[in-house]
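So the structure is just underneath, and the comments pick up after that.
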There are 2 protein chains.
Amino acid sequence: MKLQQLRYLCEVARQGLNVSAAAERLHTSQPGVSKQIRQLEEELGVDIFVRNGKRVAEVTEPGKAILAIAERVLREAENLRQAGKDFSNETSGSLVIATTHTQARYALPGAVKAFVQRYPGVSLVLHQGNPSQVAQMVIAGEADVAIATETLAEVKELVSLPCHAWHHGVIVRPRHPLLKEHALSLEAIARYPIVTYDTAFAGRSRINRAFERKGLSPRVVLTAIDSDVIKTYVELGLGIGIVACMAFDPRRDRGLRMLDAGHLFETSTTRIGLRHGAFLRRYVYDFIQSFAPQLTRDMVDAAMRGGGIDFEM
Amino acid sequence: MKLQQLRYLCEVARQGLNVSAAAERLHTSQPGVSKQIRQLEEELGVDIFVRNGKRVAEVTEPGKAILAIAERVLREAENLRQAGKDFSNETSGSLVIATTHTQARYALPGAVKAFVQRYPGVSLVLHQGNPSQVAQMVIAGEADVAIATETLAEVKELVSLPCHAWHHGVIVRPRHPLLKEHALSLEAIARYPIVTYDTAFAGRSRINRAFERKGLSPRVVLTAIDSDVIKTYVELGLGIGIVACMAFDPRRDRGLRMLDAGHLFETSTTRIGLRHGAFLRRYVYDFIQSFAPQLTRDMVDAAMRGGGIDFEM
DNA sequence: GACGCTTACGTTCGTCGTAACTATT
DNA sequence: AATAGTTACGACGAACGTAAGCGTC
């Protein structure tokens, strides 16, 4: 068994069982790939692919299990390579962050700016998606870290750590009647049409729960995945907005007013998600700590090894 | 990077940094091992070993991290091989069980007997040790499953599952005064010299805790790691014994009497410990279920993937 | 001086790529 | 007919083992 064979195998699977495409991506010949896979099948004594005549048609049931393990082997081998680069003080590299719009736009800029200054040789990539896509990217190895408020803690394949606690606020147009009420209440909010986040985004679950508990069914007239869209429509007078407080900037958002709603909705916690057992280069720890200062290298390491460990903020 | 290089590397580390010894164990030449390791070091750009002149003296700090990852790679590769054997219906193989005396002697015989009948081609090996040794054997890959009452649940590197709940009993000689008391109490027990398990064995922690809670400090005159030694000394009149109920057999132990003490000590739970993420061959699942019928393959799999999952009995 | 690791070198085996062949759509 | 995968074959390269060299203990 050789690592190369596993690489070939996984690439064929990733290319939708197309051996030629895999060979091309691997910069090698197609017969070579074909042969190595057959050799692996022979060594293991298991057919991994079902071949219709000469065409690779599907993955056998044992093949699925084998592919899963092969991917783990390759991932660990990749960890080794990363560890090598890290210890040899190689400054170049890449950091791929998978995150949601709200985080990318309002929470990350500070940490990102500090990072690119400190590590000019490291290319930083931001991938955007919804929380479950973000989690999947990290699981699949396409991203190094996931940052999101929802979902991450429930994904078993990831180690997740709390970064920031934050809460929601209500945004309205200037001179809106809500601005005159001396204490903001859920009942008052529910009287107006609402513009807020899409399901499974930026603490939307907390918003729903708060209304449900009071037996209120607010009229949500528009949902968006990002705070800017919400703000735009609130400015247009479509309704009042419920967004993360951090998404409101009094200087930029002159056409809007923010009412703190920390007492109405549960606090949300932004979390960082990491691949279980992954080797993280020094700059990854640095980035994490720059984003969430309480997450020291030791804490992250402890969580990565322990697996089940977690703590509340 | 090749698997072979990692194999060489780990073997050298395991042989106490002796390249020649590693080469011999790997059935290859010593220069080959030496060269491959240097190549790996060059590829990774990291010195793994500190060489005093021409002698390998110690592992560098980065080397330790690299060794840890290399071992993970090899373990996954081994999983692949096991998966191959399993799916190709190869009947031969081995099952190494690390366990304590009490389990081996009183809990396992039934499951072991059924196993060797059902899988005559699989060689079953029992390794004995104290609970933490047992856990270490599985972590190190020397054993496939750990079975013990203490320790396993706390070891993070293992997935542990509850098998049997059991409790302690008090054994005394015939005509002992305790036999006449109509309700056994801790206070009554504490009046006599006690023979029981060594620290960290077979629920000894529960025994201690029960007495502590009542503020009693019983006089323990002898501790042993196995029930048979305890029984022997109780028969000799050294004191009364506290052992697992399952260790008492009225037909064999004619010179002794057993008093149930389930109401005095907390229930102990025998657990099975498995290496996190390991591939288990079919017969391993069968063995586990034969030992603890509630542990179906699906349950074991769920626990292995989930990592943090657990349930109480 | 004995042991242990490295360097040097020749053989062998394996891998890769090209080309021809065969099956599937 | 075109696309995709396997078989065949020759060239290159890498790993292995033997033998010699050099440092420690």
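Throughout, a chain's letter reflects where its sequence line sits, starting with A, and its residues are numbered from 1.
- Of the residues near DNA chain C, Pro31(A) and Gln5(A), the one whose nearest nucleotide (by heavy atom distance) lies more toward the 5' end is Gln5(A).
- As a whole-Å value, the separation of His27(A) NE2 from dG17(C) C1' is 16 Å.
- Taking atom OH of Tyr8(B) as the reference point, atom C1' of dC5(C) lies 16 Å away to the nearest angstrom.
- The nearest whole Å value for the distance from the NZ atom in Lys35(B) to the C1' atom in dG4(C) is 19 Å.
- Side chain of Asn79(A) to main chain of Gly277(A): a donor-acceptor pair is present (N/O by atom type, distance under 3.5 Å, no hydrogens or angles).
- Classification of the Phe291(A)-Phe287(A) ring pair by plane angle, with boundaries at 30° and 60°, yields parallel.
- With salt bridges taken as basic N to acidic carboxylate O contacts below 4.0 Å, one links Glu78(A) and Arg81(A).
- Distances were taken from every side-chain heavy atom of Gln30(A) (C-beta onward) to each of dC16(C), dG5(D), dA19(C); the shortest belongs to dG5(D).
- Taking atom CG of residue Asn18(A) and atom C1' of nucleotide dT24(C), one finds them 14 Å apart after rounding to whole Å.
- The base of dT3(D) sits with one of its N or O atoms less than 3.5 Å from a complementary donor or acceptor on the side chain of Arg55(A).
- Remark: C1' of dG14(C) and CD of Gln4(B) are 13 Å apart, rounded to the nearest angstrom.
- In this structure, Leu17(B) reaches the sugar-phosphate backbone alone: every heavy-atom distance under 4.0 Å involves primed, P, OP1 or OP2 atoms, never a base.
- Proximity of a side-chain donor or acceptor of Arg282(A) to a complementary backbone N or O of Asp86(A) within less than 3.5 Å is detected.
- Contact annotation: Ser20(A) side-chain N/O to dT3(D) OP1/OP2 distance is not under 4.0 Å.
- With a 6.0 Å radius and a threshold of 12 heavy atoms from other residues, nucleotides or ligands, Gln39(A) has its CD atom above the threshold.
- Atom C1' of nucleotide dA4(D) and atom CD of Glu24(A) are separated by 13 Å, given to the nearest angstrom.
- Here dG17(D) is the nucleotide among dC5(C), dG17(D), dG17(C) with the atom lying nearest to any side-chain atom of Thr28(B).
- Look at CD on Gln39(B): it is 12 Å from C1' on dC16(D), rounded to the nearest Å.
- Summarising the geometry, the separation between CD on Gln36(A) and P on dG14(C) is reported as 11 Å, rounded to the nearest angstrom.
- Comparing Val56(A) and Ser29(B), the nucleotide of DNA chain D nearest to each residue sits closer to the 5' end for Val56(A).
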